[in-house]
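Structure, as C-alpha cells:
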Amino acid sequence: MSARAASAGLVAVRAAVDDALADLPTGAAVVVGCSGGPDSLALTGGLGWVARRRGLRALAVVVDHGLQAGSADVAAQAVRLCGLLDVPARTVVVQVGTEGGPEAAARSARRAALEASAAEAGAAAILLGHTRDDQAETVLLRLARGSGARSLAAMAARTGRWRRPFLHLPRDLVRDAADELLRPFG
C-alpha cells in the first residue's frame, strides 16, 4: 500500500488475520486456501501482511477441481494474484468423487488437498475465507435440510488447525478490502 491510510475494511481484515494467528510462534507456517475470489484474496493479502510483520511463512494453495472448462486458467490467475499480494502460491489439481453430491465431493477433495499441503509445509494453521454472510447461509441451509439444533452451531472459527478469521466480518467489508489490495495492480 502507498502512504495513504488503509480503509476500515482492510484494517479489519488484517486485524482478523492477526488475531486468528496470535498464538503462532515466529517462523510458523500458515496455509491459506485461495479460490481467486475476493474473500480468499482478501484473506491471502491479510495473511501476507501479518506474515511479514510477525515472521510467519505463508503459502497459498489454489485447488483446481477440474470441473469446468478453463479451470486451469482460473487457477493460474489465482496463483498470479497471490504472487502480487506477496504470498507464494501453488495449484493442486484434485479428482472430485461423487459421494454426498457434487458440492460435498468437491469440498472433501479441497479439504484433503489443503490438509496434504499443510502437512507437507509443516503448517500450524490452515485459513479459510468464510465471512459472516457465509455463516448465516450455512445455518439456513442446514435448517432447510432439517438438521435441527445442530444447525445453529454452523461453522466454528477454529477447529484444530483450521481457522476462519472472517466469520465476524460482513462479506461486503471483506470484498472492499480485496478491491483495495488489488487496486494498485489494475
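For this chain, numbers begin at 1 and follow the sequence in order.
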Spatial distance of atom [atom1] ([X]) from atom [atom2] ([Y]) [nearest 0.5 Å]:
X      : Y      : atom1 : atom2 : value
Thr44  : Leu84  : OG1   : CG    : 11.5 Å
Glu115 : Arg110 : CD    : CZ    : 13.5 Å
Glu103 : Ser108 : CD    : OG    : 12.0 Å
Leu167 : Arg132 : CG    : CZ    : 10.5 Å
Leu10  : Asp176 : CG    : CG    : 10.5 Å

Return yes if some donor-acceptor pair links the side-chain N/O of [X] with the main-chain N/O of [Y] below 3.5 Å, else return no.
X      : Y      : answer
Arg57  : Val31  : no
Arg161 : Ala124 : no
Ser40  : Gly37  : yes
Ser117 : Val61  : no
Glu99  : Ala105 : no

Quick one: are [X] and [Y] in side-chain contact, heavy atoms under 4.5 Å?
X      : Y      : value
Leu47  : Leu127 : yes
Leu21  : Val30  : yes
Pro170 : Thr131 : no
Leu173 : Phe166 : no
Leu181 : Leu41  : no
Val17  : Leu43  : yes

Between Glu120 and Arg90, does a salt bridge (Lys or Arg N to Asp or Glu O under 4.0 Å) hold up when you go through it step by step?
-> CA-CA 13 Å; Glu120 184 179 313; Arg90 69 178 193 171; 3.1 Å; yes
With the threshold set at 4.0 Å, does a side-chain nitrogen-carboxylate oxygen contact exist between Asp39 and Arg164?
->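 No.
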Is a salt bridge present between Asp23 and Arg163, judged by a nitrogen-to-oxygen distance below 4.0 Å?
->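 Yes, charged N to carboxylate O under 4.0 Å.
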For [X] against [Y], the heavy-atom pair lying closest together:
X      : Y      : answer
Ala109 : Val96  : CB-CG2, 4.2 Å
Val63  : Ala113 : CG2-CB, 4.0 Å
Pro38  : Ala178 : O-CB, 3.2 Å

Identify whether NZ of Lys or CZ of Arg in Arg54 sits under 6.0 Å from the centre of the six-membered ring of Trp49 and within 45° of that ring's axis.
->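 Checked: cation-pi criterion not met.
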